[in-house]
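Please read all numbers here as calculations on a predicted model, not as lab measurements. We use all heavy atoms of the structure for the numbers below, so side chains are in, but hydrogens, waters and symmetry mates are not.
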Amino acid sequence: MSEPAPPEVPLDELVDDVADRTGEDPESVRTWLDPFTDDGTVTPEAIEATVTDVSQILATAETRVDLATRTVEEANDAVADAPDLEIIRVRQRAFEERLADLRSDVEGLGEELSGAANDLDSPVDVYEAAVDLHEITTDAQRIVRVAHDLETEVEAFEAWLGSANRRRDALVDDVEAAEESAESLEETVESLRNADDPDPERRFDAAVQARVLDVVVADLRTEAAGLREWAEREDKSFPDDVEARIESIRDEAAASASALADRPDWDDRFEERLDELDDALSAVDPPVAWGRVDEVIQRAREGIQADRSSGD
């Protein structure tokens, strides 16, 4: 670290200087600089200690990503012994993509950390370094959580690969969840139709839910077909009514979507966002990588929030 900061700079003096130069709130500046402070003074030693602490947190993130990598590799070995079915391959690809994202993120944080506290030639440089180190810490902690979740999900996937009962039970659980979602949508649509002045954002959410159910149905059809084929190969039992239940969900979702369309008095912002969502979802083929679909749905909802904010 080159010239980390002028030695023994009183915190109050540094806060006032940074606030004057940046226009930031002094109390906010003080909060950011607190990790660099020892007994009311910003010191090179405190900065160095903070960098060391952040380095350790980042090392934890790197370790967690390495553990997730090994878990994915073990699952890939299990996939090699499983049937060549798309319902397996799509899960495998999704895990590998998430792992690749994590590895890229942790490498990027390493590069940021290497330059975060260099060339601290001015009070603003010191302040910006404090902010950068805090953000690196937050991102590294997020990586730890996401990598742990990925590891847990991959372990569950490996168990799913090895057990026909687990696969069957998981499918039934998914069908039940979709049935509950279709029932909830039906109740929401009925409430909206009976309202004198239905909330447009609630209608938008219902329209989104109807579209998502279409994707769910397509995904469940593919999942059921693949799992039935797998069960037959292994001479395992498979529920007789799953396909019929899935088609019933489709019918309920279609009826709700039709009921929503009976009152097409959208304002343009809702219509535009729904058209964008339709375009995005039309490119989704089952088996569905739900992480990507969730991102598409989140963007649609965030777009409505942004539209509302800009219109206020």
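- Between Val175 and Ile249 the shortest side-chain heavy-atom distance falls below 4.5 Å.
- Under 4.0 Å is where a charged nitrogen must lie from a carboxylate oxygen, and between Arg30 and Asp25 no such pair does.
- A donor-acceptor pair is defined here as one N or O able to donate and one able to accept, closer than 3.5 Å; such a pair exists between the side chain of Thr69 and the backbone of Val65.
- Residue-environment remark: CG (Asp39) stays at or below the threshold of 12 foreign heavy atoms within 6.0 Å.
- Considering Arg228, Arg167, Arg168 as possible partners of Glu234, the one that fulfils the salt bridge (Lys or Arg N to Asp or Glu O under 4.0 Å) test is Arg167.
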(message) Please determine whether side chain to side chain donor-acceptor pair (under 3.5 Å) holds for the pair Ser191 and Arg202, giving the CA-CA distance in whole Å, both sets of side-chain angles, and the decisive distance to 0.1 Å.
(response) CA-CA 10 Å; Ser191 173; Arg202 192 175 177 216; 3.1 Å; yes
(message) Go through it in stages, so that I can follow the logic: the residues are Tyr127 and Val15, the test is side-chain contact (heavy atoms from CB on, under 4.5 Å), and I'd like the CA-CA distance, side-chain angles, deciding distance and then a yes or no.
(response) CA-CA 9 Å; Tyr127 166 67; Val15 167; over 6 Å; no
(request) May I have the step-by-step check of side-chain contact (heavy atoms from CB on, under 4.5 Å) for Arg245 and Glu176, ending in yes or no? (result) CA-CA 9 Å; Arg245 292 171 67 181; Glu176 289 176 353; 3.3 Å; yes
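- Listed for the Asn118 side chain is a donor-acceptor partner under 3.5 Å among the backbone atoms of Ser114.
- Between the side chain of Thr50 and the main chain of Pro35, a donor-acceptor pair closer than 3.5 Å is present.
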(message) side chain to side chain donor-acceptor pair (under 3.5 Å), that's the test. Do Ser122 and Asp125 meet it? Break it down for me.
(response) CA-CA 5 Å; Ser122 73; Asp125 290 337; 3.3 Å; yes
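- Glu151 is listed as a side-chain neighbour of Glu155, based on a closest heavy-atom distance under 4.5 Å.
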(message) Let's go through Leu14 and Phe36 carefully: what are the C-alpha distance in whole Å and the side-chain angles of both, what is the deciding distance for side-chain contact (heavy atoms from CB on, under 4.5 Å) to 0.1 Å, and is it a yes or a no?
(response) CA-CA 11 Å; Leu14 198 57; Phe36 288 177; over 6 Å; no
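- In this structure the side chain of Val215 reaches within 4.5 angstrom of the side chain of Trp290, judged on heavy atoms.
- Proximity of a side-chain donor or acceptor of Ser248 to a complementary backbone N or O of Ala244 within less than 3.5 Å is not detected.
- Looking at Arg103 and Asp66, their side chains come closer than 4.5 Å, going by heavy atoms from C-beta outward.
- Thr22 contributes a side-chain N or O that, together with a main-chain N or O of Glu24, makes up a donor-acceptor pair within less than 3.5 Å.
- Separating the CD1 atom in Ile136 from the CD atom in Glu111 is a distance of 11.0 Å, to the nearest 0.5 Å.
- Rounded to the nearest 0.5 Å, atoms CG (Asp173) and CZ (Arg166) are 12.0 Å apart.
- In summary, of the residues considered (Glu158, Glu223, Glu96), a salt bridge (Lys or Arg N to Asp or Glu O under 4.0 Å) with Arg91 occurs for Glu223 alone.
- Salt bridge present: Arg89 and Glu86 bring a charged side-chain N and a carboxylate O closer than 4.0 Å.
- Residues Thr138 and Arg142 fail the side-chain proximity criterion, which asks for heavy atoms closer than 4.5 Å.
- The cluster map of Ile, Leu, Val, Met, Phe, Trp and Tyr, joined by side-chain heavy atoms under 4.5 Å apart, puts Val144 and Phe95 in different clusters.
- Between the CG atom in Leu150 and the CG atom in Leu67 there is a gap of 11.0 Å [rounded to 0.5 Å].
- Between the NZ atom of Lys236 and the CG atom of Leu227 there is a distance of 14.0 Å, given to the nearest 0.5 Å.
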(request) Begin from the C-alpha positions of Leu85 and Arg233 and carry the test side-chain contact (heavy atoms from CB on, under 4.5 Å) through to its verdict. (result) CA-CA 12 Å; Leu85 296 172; Arg233 290 187 187 186; 4.1 Å; yes
(request) Start with the C-alpha distance between Ser181 and Gln209, add both sets of side-chain angles, then the distance that settles side chain to side chain donor-acceptor pair (under 3.5 Å), and finish with yes or no. (result) CA-CA 8 Å; Ser181 181; Gln209 187 179 359; 3.0 Å; yes
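- At a threshold of 4.5 Å between side-chain heavy atoms, the hydrophobic network of Ile, Leu, Val, Met, Phe, Trp and Tyr places Leu102 and Ile57 in two separate groups.
- Without hydrogens or angle criteria, Thr60 side chain to Gln56 main chain gives a donor-acceptor distance under 3.5 Å.
- Between Arg98 and Glu153 the shortest side-chain heavy-atom distance falls below 4.5 Å.
- Relative orientation of the Trp230 and Trp160 rings is perpendicular, given thresholds of 30° and 60° on the angle between their planes.
- Between the Arg211 side chain and the Ala207 main chain, a donor and an acceptor come within less than 3.5 Å of each other.
- Crowding of Arg93 atom CZ: a count of heavy atoms from other residues, nucleotides or ligands under 6.0 Å exceeding 12.
- We find that Arg250 and Glu247 are joined by a salt bridge, their nearest charged nitrogen and carboxylate oxygen being less than 4.0 Å apart.
- In summary, Arg221 and Glu243 do not engage in a salt bridge, as defined by a charged side-chain N under 4.0 Å from a carboxylate O.
- Using a 4.5 Å cut-off between side-chain heavy atoms of Ile, Leu, Val, Met, Phe, Trp and Tyr, with links allowed through other members, Val72 and Ile88 fall into the same hydrophobic cluster.
- In this structure, the side chain of Asn194 engages the main chain of Glu190 through a donor-acceptor pair within 3.5 Å.
- Among Ser258, Ser184, Ser256, the single residue meeting the side chain to side chain contact (heavy atoms under 4.5 Å, CB included) criterion with Val189 is Ser256.
- One distance of note links CD1 of Ile47 with CG of Leu33; it measures 8.5 Å at 0.5 Å rounding.
- When atom types are taken as modelled, the side chain of Asp219 and the backbone of Pro287 share no donor-acceptor pair closer than 3.5 angstrom.
- For the atom pair CG (Leu109) and OG1 (Thr137), the distance works out to 9.5 Å, reported to the nearest 0.5 Å.
- Between Val208 and Arg301, some side-chain heavy-atom pair lies under the 4.5 Å cut-off.
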